[in-house]
2 protein chains.
Amino acid sequence: MTGQVRTVDGRVAGRRGQATRQKLLDCLSEMLSSSPYRDVKVIDVARKAGTSPATFYQYFPDVEGAVLEIAEQMAAEGAGLTELLEGRTWAGKSGWQTAQELVDGFLEFWRKNDAILRVVDLGAAEGDKRFYKIRMKILNSVNNSLADSIAELQSKGRVDKDVNPAAVAGALVAMLAAVASHQKGFSSWGVKQAELKPNLALLVHLGVTGRKPSK
Amino acid sequence: MTGQVRTVDGRVAGRRGQATRQKLLDCLSEMLSSSPYRDVKVIDVARKAGTSPATFYQYFPDVEGAVLEIAEQMAAEGAGLTELLEGRTWAGKSGWQTAQELVDGFLEFWRKNDAILRVVDLGAAEGDKRFYKIRMKILNSVNNSLADSIAELQSKGRVDKDVNPAAVAGALVAMLAAVASHQKGFSSWGVKQAELKPNLALLVHLGVTGRKPSK
DNA sequence: CGGTAAGCTGACGGCATGACAGGACAAGTG
DNA sequence: CACTTGTCCTGTCATGCCGTCAGCTTACCG
């Protein structure tokens with residue numbers, strides 16, 4: 001599928017090279033969790049990986065290039081978020097469960113990848129098309145499924161005609177992503193993690209169906 | 001209110017000094033809009049302001065310090081967002097209008113300050129307390145008002161008891177902020193600006209009152 | 001064992017950082 | 001007008017990271 005892994009100067013990477021490359025990615029990933037993106041230096045990543053800066057530049061054009069790589073890997077996993085909505089229904093009690101599981105799965109994914117997602121979010125907000133595309137890849141699966149659900153309910157007359165399914169779905173997905181990034185923020189509003197989830201699920205359910213869930 | 005403006009080495013800044021300082025802030029602000037935060041260098045800001053890097057360091061400890069200054073100024077203005085909710089009602093047609101005006105005002109504020117808000121968001125997400133506090137200052141006013149509205153409706157029995165007002169309010173505010181930061185993203189989902197607003201207002205109304213608006 | 005390509009690094013010019021001392025400038029004083 | 005005072009700005013410098021290259025080492029293959 002993807003051709004061979006190549007170094008910046010065009011050579012194909014062998015087993016050893018790929019290991020080094022991966023180690024650099026792992027170390028970068030770790031550094032992103034522990035220090036501000038702005039302060040992540042090539043030399044630190046290289047030191048942490050027990051190699052030299054020159055080696056880093058053999059595999060990546062710059063820090064951003066390596067970050068994109070990590071983000072791509074994550075986006076590939078993130079595409080699996082679709083499963084949270086595949087074959088689910090929004091009617092009755094199972095609708096409430098669908099909402100809850102969507103919120104759960106989404107927050108969990110974000111929690112696991114928060115460091116890299118922060119950077120992706122920033123890049124996308126700054127207008128960088130590459131980051132923007134990656135963000136889309138992750139959100140699109142969920143967003144499209146949600147939009148489809150809403151559109152279907154709409155065609156059955158169970159949702160108002162003047163609702164734009166894509167807009168509502170996008171807003172809900174953006175909400176989930178934002179809340180996940182700033183979970184700590186809620187504690188200072190006196191909201192605990194456990195309380196947050198059902199309330200998010202409520203909002204999702206309200207947004208999709210226009211009705212309160214029957215629990 | 002705030003004591004005199006001081007240079008890094010403790011001297012009080014005069015009229016000329018304050019002008020230079022402000023010019024540096026303005027130029028930094030402009031650079032943040034046009035290039036990635038990570039790539040904003042002191043030397044560029046100084047050049048743009050027609051001064052030298054050394055001058056910059058006379059007024060600010062580093063780029064981040066200056067960014068915080070800009071963010072504080074913005075947060076002060078942002079506190080005015082409370083007005084969007086003061087004395088408003090959520091009943092009937094005026095409830096729908098309240099939601100619309102909140103969305104409008106919020107998006108407008110975000111659009112005006114998007115560059116600096118991106119950086120604040122990133123800093124807050126990375127766990128920097130100073131940025132976090134500024135983000136709070138802006139969101140708190142809106143959030144508290146919203147939470148109060150919900151709590152009031154709840155006490156009248158018009159909203160379910162198991163709703164946590166602060167959680168719902170926080171999620172809605174986070175949604176508005178996120179959508180504002182990624183407005184461009186919606187166009188690739190085929191959603192136009194003008195369509196977005198009423199759908200956001202709908203979600204806000206649903207979240208606060210638990211019911212569809214009567215238009 | 002020799003050839004070839006992959007893998008890594010020391011070293012270097014270039015540039016941003018951040019500190020300092022001293023010069024330029026405005027304003028008040030005799 | 002000369003002199004003083006305190007603010008304001010910049011030239012310069014040591015330091016450290018960036019990004020590149022030539023060249024050395026290692027692994028694989030016939």
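These numbers come from a predicted model, not from an experiment. Residue numbers begin at 1 in each chain, while the letters A, B, ... track the order of the sequences.
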Taking atom CD as the centre, does Glu72(B) end up with more than 12 heavy-atom neighbours from other residues, nucleotides or ligands that are less than 6.0 angstrom away? yes

Could you check whether Thr209(A) and Trp90(A), counting side-chain N and O atoms only, form a donor-acceptor pair closer than 3.5 Å? no

Indicate whether any N or O donor in one side chain lies under 3.5 Å from an N or O acceptor in the other, for Trp189(A) and Asn144(B). no

Can you sort out the partners of [X] under side-chain hydrogen bond (donor to acceptor under 3.5 Å, both in side chains), two or more places apart, ordered by chain and number?
X         : result
Glu77(A)  : none
Gln22(A)  : Asp26(A)
Ser181(B) : Trp110(B)
Asn113(B) : none

Stepwise salt bridge (Lys or Arg N to Asp or Glu O under 4.0 Å) check, Glu64(B) with Arg38(A): CA-CA 10 Å; Glu64(B) 203 183 80; Arg38(A) 198 167 198 281; over 6 Å; no

Distances for protein N or O near nucleotides 16-24 of chain D N or O, under 3.5 Å:
| unit_1 | atom_1 | unit_2 | atom_2 | d |
| --- | --- | --- | --- | --- |
| dC18(D) | OP1 | Val42(A) | N | 3.2 |
| dC18(D) | OP2 | Ile43(A) | N | 3.1 |
| dG19(D) | OP2 | Tyr57(A) | OH | 2.6 |

Looking only at side-chain N and O atoms, does Ser52(A) come under 4.0 Å of OP1 or OP2 in dC8(C)? no

Using whole Å, what does the distance between atom [atom2] of nucleotide [N] and atom [atom1] of [X] come to?
X        : N       : atom1 : atom2 : result
Arg16(A) : dA27(D) : CZ    : P     : 6 Å
Arg38(A) : dA16(C) : CZ    : P     : 13 Å
Phe56(B) : dT17(C) : CZ    : P     : 9 Å

Over all strands shown, is Thr51(B) touching base, sugar-phosphate only, or nothing at heavy-atom distances under 4.0 angstrom? sugar-phosphate

Counting any heavy atom closer than 4.0 Å, what does Tyr59(A) reach on the DNA or RNA strands: base, sugar-phosphate only, or nothing? sugar-phosphate

For DNA chain D, find the residues of residues 20-37 of chain A with a heavy-atom distance under 4.0 Å and give them by number; none if there aren't any. none

